[in-house]
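We count ligands from 1, going down the list as the structure has it; atoms in each ligand are counted the same way. None of the values given here were measured: they were computed from a predicted structure. Residues: numbered from 1 along the sequence shown.
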Amino acid sequence: LKCSKCAGDAVIFLPYAKTHLCERDFNAMFEKRFRATIRDFKMIKKGEHIAVALSGGKDSTVLMHLLHRLKEDLPFELVAVTIDEGIKGYRSNSLAVAEKEAKALGIEHKVFSFKDRTDMTLDGIMEKKGGKLPCSYCGVIRRYLINTASREMNADKVAVGHNLDDMAQTVMMNLMRNEPMRLARLGDPIVEEEKLIARIRPLLRSPEKEIAVYAMLNNISLHFQECPYARHAFRAHVREQLNATEERYPGTKFRILNSFLAIQPMLRRGIESAPEMKYCKTCKEPSGTEQCMFCTMLEEIKEGGAMLNK
Ligand SMILES: [Zn+2]
Ligand SMILES: [Zn+2]
């Protein structure tokens with residue numbers, strides 16, 4: 001099969017664009033879309049400090065490479081932060097990949113661990129909690145640490161590797177669960193607060209499959225292992241359904257993303273009074289409630305309560 005743009009051999013077919021692309025034209029399209037996304041959403045300004053949340057998986061590793069190359073044309077500072085949850089036989093492998101890739105690009109890279117900040121590893125927490133709700137505990141703690149770590153590294157913004165598939169899945173999941181407030185908040189908090197580092201998602205228009213192809217074509221090392229605690233039953237279901245729909249009706253994922261982007265400002269305008277920003281009584285971080293989720297969760301784990309099961 002031949003490239004639709006030149007006479008070269010095609011390496012990929014994009015059904016939503018009815019286009020075959022050779023390696024060179026695919027790379028060019030993929031990078032152009034990434035740069036257009038940064039520009040369209042005004043994600044990075046000249047001279048800003050950006051921290052990339054680097055897990056060692058394909059999305060964040062490709063994101064780091066793309067950001068590194070973008071610096072040639074748009075000067076800004078780039079550092080990488082990795083959160084070590086303390087998952088035996090999994091995180092140590094991805095940490096090695098993350099370290100190697102950051103080092104190869106000369107990017108300052110720091111690892112922040114659950115253990116240092118909470119005195120517990122995710123493995124330890126799961127032992128205490130009988131293996132229940134690993135992603136809920138992990139999500140709250142990791143989100144908190146990414147925010148404080150990015151701040152410690154003087155970042156103005158933190159770049160996360162969410163891709164088109166993640167976005168379309170999250171939108172659909174929030175609709176199916178009747179969570180309009182989560183849709184309104186998706187991506188950024190409604191209230192701006194200096195201590196909350198803004199998140200940018202430069203890959204939000206990049207399909208997961210294309211990120212994997214880009215990594216392969218550009219010899220980017222990746223960590224492919226899945227987290228041993230991953231048990232996203234509902235997300236896995238939505239992913240499967242979306243992939244099947246995309247196959248029959250190419251472009252569906254882009255249309256879900258674009259609907260969401262069109263609806264979100266209306267949702268936000270519809271929220272009459274933004275919730276007042278409070279500060280956690282325990283750690284002083286911004287929080288919607290008296291005590292933040294992170295501190296409440298740590299207390300609950302240590303005291304053996306069951307906050308999440310209520
Ligand atoms: Zn071509
Ligand atoms: Zn707190």
Side-chain angles (χ1 to χ4, degrees), residues 1-36 53 69 81 83 85-86 112-122 124-125 128-129 133 135-153 155 158 185 188-199 206-207 209-219 275-308 310:
L1 283 166
K2 293 291 169 198
C3 173
S4 309
K5 306 233 171 210
C6 71
D9 290 329
V11 293
I12 190 169
F13 175 60
L14 311 179
Y16 57 83
K18 296 193 181 72
T19 308
H20 293 274
L21 291 178
C22 68
E23 178 168 346
R24 194 197 56 195
D25 282 313
F26 170 73
N27 280 334
M29 177 282 297
F30 189 86
E31 287 165 18
K32 194 176 157 198
R33 181 173 53 203
F34 164 78
R35 287 174 181 231
R69 289 195 49 189
V81 298
I83 306 301
E85 303 92 343
F112 295 80
S113 74
F114 278 26
K115 180 85 183 142
D116 289 344
R117 188 64 180 75
T118 71
D119 212 25
M120 286 178 291
T121 62
L122 187 65
I125 295 170
K128 273 194 162 165
K129 305 308 296 178
L133 301 166
C135 302
S136 306
Y137 288 101
C138 188
V140 168
I141 301 175
R142 202 180 42 219
R143 206 178 168 84
Y144 186 95
L145 290 192
I146 285 179
N147 189 61
T148 51
S150 305
R151 220 168 59 216
E152 274 172 44
M153 293 188 83
V158 55
R185 270 197 303 259
D188 295 295
I190 288 168
V191 188
E192 275 190 41
E193 211 290 335
E194 217 181 298
K195 283 174 99 177
L196 286 176
I197 307 298
R199 289 178 166 231
S206 304
K209 191 181 135 194
E210 291 176 28
I211 295 173
V213 170
Y214 183 86
M216 217 177 61
L217 294 175
N218 293 280
N219 300 314
E276 198 194 331
M277 184 58 74
K278 295 179 185 143
Y279 296 89
C280 171
K281 63 176 185 188
T282 310
C283 72
K284 313 290 180 242
E285 289 290 314
S287 162
T289 43
E290 287 276 303
Q291 181 169 272
C292 74
M293 272 292 276
F294 174 82
C295 290
T296 308
M297 201 173 248
L298 288 193
E299 258 175 30
E300 186 256 333
I301 295 163
K302 285 180 174 150
E303 288 161 9
M307 176 190 82
L308 281 174
K310 269 179 209 159

Query raised in the report: Any chance the side chains of Tyr137 and Glu300 put a donor and an acceptor closer than 3.5 Å?
Result: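 The answer is yes; a qualifying pair exists.
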
**Report entry** Min side-chain heavy-atom separation Arg199-Ile146 under 4.5 Å
**Finding:**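 Side chain of Arg199 against side chain of Ile146, heavy atoms only: contact under 4.5 Å found.
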
Report task. Please examine the side chains of Thr19 and Met29, heavy atoms only from C-beta on, and report whether any two atoms are closer than 4.5 Å. Result ->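 Sidechains of Thr19 and Met29: no contact.
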
Query raised in the report: With a cut-off of 2.8 Å, which protein N/O/S atoms are close to the Zn ion (ligand 1), if we only count those under it?
Result: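 The answer, once waters are left aside, is Cys3 SG, Cys6 SG, Cys22 SG, Asp25 OD2.
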
Query raised in the report: In this structure, which one of Lys115, Arg143, Arg117, Arg142 forms a salt bridge (Lys or Arg N to Asp or Glu O under 4.0 Å) with Glu85?
Result: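 Among Lys115, Arg143, Arg117, Arg142, the one meeting salt bridge (Lys or Arg N to Asp or Glu O under 4.0 Å) with Glu85 is Arg142.
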
Report task. Please check if the side chain of Ser4 supplies one atom and the backbone of His20 the other of a donor-acceptor pair under 3.5 Å. Result ->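 Yes; at least one donor-acceptor contact below 3.5 Å.
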
Query raised in the report: Ignoring hydrogens and geometry, is there a side-chain-to-backbone donor-acceptor pair from Asn147 to Lys195 under 3.5 Å?
Result: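 The answer is yes, because a donor-acceptor pair under 3.5 Å joins these two groups.
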
**Report entry** Arg69: partners by side-chain hydrogen bond (donor to acceptor under 3.5 Å, both in side chains), with sequence neighbours left out
**Finding:**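 Glu31.
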
Query raised in the report: Quick one: side-chain hydrogen bond (donor to acceptor under 3.5 Å, both in side chains) partners of Arg151, sequence neighbours excluded?
Result: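 side-chain hydrogen bond (donor to acceptor under 3.5 Å, both in side chains) check on Arg151 returns Glu285.
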
Query - Sphere of radius 2.8 Å around the Zn ion (ligand 2) - protein N, O or S atoms inside - result: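 N, O, S partners closer than 2.8 Å: Cys280 SG, Cys283 SG, Cys292 SG, Cys295 SG.
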
Report task. Before giving the answer on side-chain contact (heavy atoms from CB on, under 4.5 Å), spell out for Phe26 and Glu210 the whole-Å C-alpha distance, their side-chain angles and the decisive distance to 0.1 Å. Result -> CA-CA 9 Å; Phe26 170 73; Glu210 291 176 28; 3.9 Å; yes

